[in-house]
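In what follows, a single structure is set out as structure tokens and then discussed.
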Amino acid sequence: MALLSILEYPDHRLRKKAKPVTHIDAALQQLAQDMLETMYQAPGIGLAAIQVNRPVRLVVLDVSEEKNTPQIFFNPLLTPVDESRNSYDEGCLSVPGFYELVERPARVRVQALNEQAIALDFIADGLLATCIQHEVDHLNGKLFVDYISSLKRERIRKKLEKQHKGHPA
Ligand code: GNR
Ligand code: NI
């Protein structure tokens with residue numbers, strides 16, 4: 001196992017579009033385990049591979065209270081199932097220390113492959129729906145700060161850039 005370092009906004013590598021996985025080999029399985037370890041240590045409830053500078057379509061998450069329900073999704077595809085929306089005060093390990101309300105579809109159909117390349121197809125709601133949409137956004141180069149006002153986003157960018165000058169990656 002290994003801890004991976006997490007890219008921080010406004011790093012341009014977070015803006016890449018991640019590539020689909022074609023074959024889930026041992027290296028990708030190891031990457032998923034290392035991402036889970038990194039996520040739990042942070043601590044966070046989700047992590048997308050692009051956040052650790054691996055631009056592949058892989059996300060891990062654990063939205064359980066007990067932190068004992070790791071989930072691994074390769075090539076996740078999301079489809080809102082109805083018009084219902086939910087707002088959640090979102091944070092991001094790539095935007096540390098900042099939280100903003102983001103509105104998203106409340107229920108999404110999730111199609112993905114698990115770590116054994118078995119096809120999953122289920123409806124997510126609640127925090128799982130919010131978190132998996134946040135993670136799939138990462139795979140498309142999108143961050144939660146893209147949903148807030150440009151004034152707030154620029155304030156966050158400047159504060160993080162100032163911090164990075166004191167402690168470069
Ligand atoms: O740890 C995280 N918490 C969180 C809270 C509300 C909505 C989304 C998230 S995901 C975030 C971890 C992260 O940055 N994943 O990409
Ligand atoms: Ni995030």
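Source: prediction; values computed, not measured. Start at 1 and go down the list; that is how both ligands and their atoms are numbered.
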For this session: Indicate yes or no for a side-chain donor-acceptor contact from R57 to the backbone of A18 under 3.5 Å, with no hydrogens or angles considered.
Result: yes

Exercise. Taking the side chain as C-beta and beyond, is there a heavy-atom pair between L28 and H23 under 4.5 Å?
Worked result: no

Problem set entry | ILVMFWY cluster, L101 and V95 together (side-chain gap under 4.5 Å) | no

Show me the short polar-atom pairs for ligand 1: any N or O of it lying under 3.5 Å from a protein N or O, with distances only.
unit_1: ligand 1; atom_1: 1 (O); unit_2: I45; atom_2: N; d: 3.0
unit_1: ligand 1; atom_1: 14 (O); unit_2: Q51; atom_2: NE2; d: 3.4
unit_1: ligand 1; atom_1: 14 (O); unit_2: L93; atom_2: N; d: 2.8
unit_1: ligand 1; atom_1: 14 (O); unit_2: H134; atom_2: NE2; d: 3.4
unit_1: ligand 1; atom_1: 15 (N); unit_2: G46; atom_2: O; d: 3.1
unit_1: ligand 1; atom_1: 15 (N); unit_2: E135; atom_2: OE1; d: 3.2
unit_1: ligand 1; atom_1: 15 (N); unit_2: E135; atom_2: OE2; d: 2.7
unit_1: ligand 1; atom_1: 16 (O); unit_2: Q51; atom_2: OE1; d: 2.8
unit_1: ligand 1; atom_1: 16 (O); unit_2: Q51; atom_2: NE2; d: 3.4
unit_1: ligand 1; atom_1: 16 (O); unit_2: H134; atom_2: NE2; d: 3.2
unit_1: ligand 1; atom_1: 16 (O); unit_2: E135; atom_2: OE1; d: 2.7
unit_1: ligand 1; atom_1: 16 (O); unit_2: E135; atom_2: OE2; d: 3.0
unit_1: ligand 1; atom_1: 16 (O); unit_2: H138; atom_2: NE2; d: 2.9

Exercise. Does the N75 side chain pair with the main chain of V21, one donor and one acceptor, at a distance under 3.5 Å?
Worked result: yes

Exercise. For Y40 and K67, what are the C-alpha separation, side-chain angles and deciding distance, and is it a side-chain contact (heavy atoms from CB on, under 4.5 Å)?
Worked result: CA-CA 8 Å; Y40 284 124; K67 295 290 163 251; 4.1 Å; yes

For this session: Identify the residue among K159, H164, K158, R157 that makes a side chain to side chain donor-acceptor pair (under 3.5 Å) with E161.
Result: R157

Exercise. Ignoring water, what protein N, O or S atoms are under 2.8 Å from the Ni ion (ligand 2)?
Worked result: C92 SG, H134 NE2, H138 NE2

For this session: Let me know which of V59, D62, V52 forms a side chain to side chain contact (heavy atoms under 4.5 Å, CB included) with L47.
Result: V52

For this session: Keeping to residues at least two apart or across chains, list the salt bridge (charged side-chain N to carboxylate O under 4.0 Å, His left out) pairs with something in residues 15-28.
Result: R15-D146

Exercise. What pairs with P80 under side chain to side chain contact (heavy atoms under 4.5 Å, CB included), at least two apart in sequence or on another chain?
Worked result: P105

